Student: 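Provided herewith is a single structure, encoded as structure tokens, for subsequent inquiry.
Because only heavy atoms are used, hydrogens play no part in the values below, and waters and symmetry mates are left out as well, while side chains stay in. Because the structure is predicted, anything quoted here is derived from the model rather than measured.
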Amino acid sequence: MMPAQIIVEIVEEGGEIRLEDGRLKVKAIPARLVPLIREHKAALLALLKAETGN
């Protein structure tokens, strides 16, 4: 699964993923996505940084 798809799945399930002080913060994420978030953490950080312009 691509990092952008992970973000979409989190949001569709009512969860939240964001950057806070350069760190990845998640809330109410589906348990099945936890391994994917860990695996793609660097790519998720880069994608969220690009989206926020940080």
Side-chain angles (χ1 to χ4, degrees):
M1 183 178 292
M2 301 294 292
Q5 185 61 32
I6 294 170
I7 293 171
V8 168
E9 295 236 0
I10 290 170
V11 173
E12 285 178 349
E13 295 284 332
E16 181 182 335
I17 185 167
R18 68 185 192 295
L19 285 180
E20 186 176 300
D21 297 325
R23 299 181 72 187
L24 196 61
K25 297 291 180 174
V26 295
K27 181 178 175 183
I29 57 167
R32 64 182 175 77
L33 294 178
V34 172
L36 291 171
I37 292 168
R38 288 185 180 139
E39 180 181 347
H40 297 288
K41 183 177 179 179
L44 288 164
L45 283 166
L47 184 60
L48 291 169
K49 284 180 185 179
E51 288 180 355
T52 61
N54 291 331

Student: Would you mind writing out the side-chain donor-acceptor pairs for residues 16-37 within the sub-3.5 Å range, not counting sequence neighbours?
Tutor:
residue, atom, partner, partner atom, Å
Glu16, OE2, Arg18, NH1, 3.3
Arg18, NH2, Glu20, OE1, 2.8
Arg32, NH1, Glu9, OE1, 3.2
Arg32, NH2, Glu9, OE1, 2.8

Student: So which pairs with a foot in residues 35-45 pass salt bridge (charged side-chain N to carboxylate O under 4.0 Å, His left out), sequence neighbours left out?
Tutor: none

Student: Is there a path of hydrophobic side-chain contacts, each under 4.5 Å between heavy atoms, that joins Met1 and Leu47?
Tutor: yes

